[in-house]
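Small disclaimer: the values here were computed from a predicted structure and weren't measured.
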Amino acid sequence: MRVGNGYDVHRFAENRKLILGGVEIPYEKGLLGHSDADVLVHAVMDALLGATALGDIGKHFPDTDPQYKSISSIELLKHVAKLLEENDYKVCNVDAIIVAQEPKMASYIPTMKANIAQAMGVEPDLINVKATTEEGLGFTGQKEGISSYAVALVD
């Protein structure tokens with residue numbers, strides 16, 4: 001059994017879609033990034049890559065490579081899942097948290113879990129997604145951006 005941690009953060013930006021867990025969430029701003037800036041999926045990918053000692057998302061999907069410009073992070077997660085399979089790793093579970101003052105996430109979480117599970121080729125009961133605020137503290141609490149943490153256990 002191996003464990004990995006993942007973390008990602010993106011600032012809010014005008015004229016961008018807000019994508020979390022492969023779900024487009026109606027909100028006045030999106031997140032700034034080279035890809036779709038899906039902080040949840042980025043944290044999950046880094047947790048999986050960390051658990052398997054296969055590097056990080058910057059190594060596999062550099063933001064200097066034009067082929068990843070505006071790409072769906074769910075597509076990148078499919079690639080990470082394939083890397084795990086090629087290296088004989090099996091996902092035991094993933095636990096992730098989204099940190100955002102706004103918007104509220106609860107109604108979107110079941111679809112996020114389903115999207116992540118499908119991209120990884122695992123059952124949805126192996127994926128847990130939570131959301132919290134920072135009670136107005138820090139950059140997420142002041143509505144400057146969103147962060148996400150993830151832990152993955154693989155065998």
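Interatomic distance, R2 CZ to D155 CG, rounded to the nearest 0.5 Å: 10.5 Å. Atom OG1 of residue T52 and atom CG of residue D88 lie 12.0 Å apart, to the nearest 0.5 angstrom. Between the CZ atom in F139 and the CD atom in E144 there is a gap of 8.0 Å [rounded to 0.5 Å]. Atoms CD1 and NZ, on I146 and K29 in that order, are 11.0 Å from each other to the nearest 0.5 Å.
Checked against the 6.0 Å centroid threshold, H34 and F61 do not count as a close aromatic pair.
Following chains of ILVMFWY side-chain contacts shorter than 4.5 Å, one cannot reach L48 starting from L153, and the two form parts of different hydrophobic clusters. Linking ILVMFWY residues whenever their side-chain heavy atoms come closer than 4.5 Å, directly or via other members, places V122 and L54 in the same cluster. By the rule that hydrophobic residues join a cluster once side-chain heavy atoms approach within less than 4.5 Å of another member, L83 and I57 end up as members of one cluster. Taken together through direct or relayed side-chain contacts under 4.5 Å among Ile, Leu, Val, Met, Phe, Trp and Tyr, I71 and L18 form part of one hydrophobic cluster.
The shortest distance between side-chain heavy atoms of I127 and N93 does not fall below 4.5 Å. Counting only heavy atoms from C-beta outward, the side chains of Y68 and S35 never approach each other to under 4.5 Å. Using a 4.5 Å heavy-atom threshold, the side chains of V23 and N115 count as touching. Two residues are said to be in side-chain contact when any heavy atoms from C-beta on lie closer than 4.5 Å; Y108 and P103 fail this criterion. Side-chain contact check for V39 versus L20: some heavy-atom pair is nearer than 4.5 Å. Side-chain contact between L84 and V91 is present, with heavy atoms from C-beta onward closer than 4.5 Å. Annotation: side chain of I74 is not in contact with side chain of I19 (no heavy-atom distance under 4.5 Å).
For CD of E123, the number of neighbouring non-hydrogen atoms (other residues, nucleotides, ligands) closer than 6.0 Å is 12 at most.
The two atoms that bring S148 and A43 nearest to each other are O-CB, 3.6 Å, heavy atoms only. A119 and A81 get closest at one heavy-atom pair: O-CB, 3.8 Å. In plain terms, the two heavy atoms of T133 and K104 that are nearest each other are CG2-NZ, 4.1 Å. For the residue pair G22 and D38, the shortest heavy atom distance occurs at N-OD2, 2.8 Å. Here the closest heavy-atom approach between residue L32 and residue H10 is recorded as O-ND1, 2.6 Å. Across every non-hydrogen atom of G55 and L49, the tightest pair is O-CB, 3.3 Å.
Each of I98, I97, V44 was checked for a side chain to side chain contact (heavy atoms under 4.5 Å, CB included) with V129, and the lone residue meeting it is I98.
T140 and E134 are linked by a side-chain donor-acceptor pair at a separation below 3.5 angstrom, with hydrogens and angles left out of the test. A side-chain donor from one of D36 and S73 sits under 3.5 Å from a side-chain acceptor of the other.
In terms of modelled atom types and a separation under 3.5 Å, the side chain of Q101 and the main chain of G136 share a donor-acceptor contact. When atom types are taken as modelled, the side chain of N5 and the backbone of A47 share no donor-acceptor pair closer than 3.5 angstrom. Remark: the backbone N or O of L31 is paired with a side-chain donor or acceptor of R16 at under 3.5 angstrom. With hydrogens and angles disregarded, no donor-acceptor distance shorter than 3.5 Å links the side chain of N87 to the backbone of Y89. Under a 3.5 Å cut-off, the side chain of R11 and the backbone N or O of G33 do not form any donor-acceptor pair. Side-chain atoms of H42 do not come within 3.5 Å of backbone N or O of D8 as any donor-acceptor pair.
A salt bridge links K78 with E75: the distance from a Lys NZ or Arg NE/NH1/NH2 to an Asp or Glu carboxylate oxygen falls below 4.0 Å. A salt bridge links K143 to E102: at least one charged side-chain nitrogen sits closer than 4.0 Å to a carboxylate oxygen.
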Could you walk me through whether M105 and M112 pass the side chain to side chain contact (heavy atoms under 4.5 Å, CB included) test, one step at a time? CA-CA 10 Å; M105 305 286 167; M112 292 177 190; 4.2 Å; yes
Give the intermediate values and the outcome of salt bridge (Lys or Arg N to Asp or Glu O under 4.0 Å) for residues K130 and D95. CA-CA 8 Å; K130 309 176 292 277; D95 185 31; 2.6 Å; yes
Check against side chain to side chain contact (heavy atoms under 4.5 Å, CB included), M45 and L76: CA-CA 8 Å; M45 288 190 293; L76 301 179; 3.7 Å; yes
Do M120 and V94 pass the side chain to side chain contact (heavy atoms under 4.5 Å, CB included) test, and can you show the C-alpha distance, the side-chain angles, and the key distance before you say yes or no? CA-CA 11 Å; M120 292 172 54; V94 172; 3.9 Å; yes
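The aromatic rings of Y7 and Y149 sit tilted relative to each other, their planes meeting at an angle between 30° and 60°.
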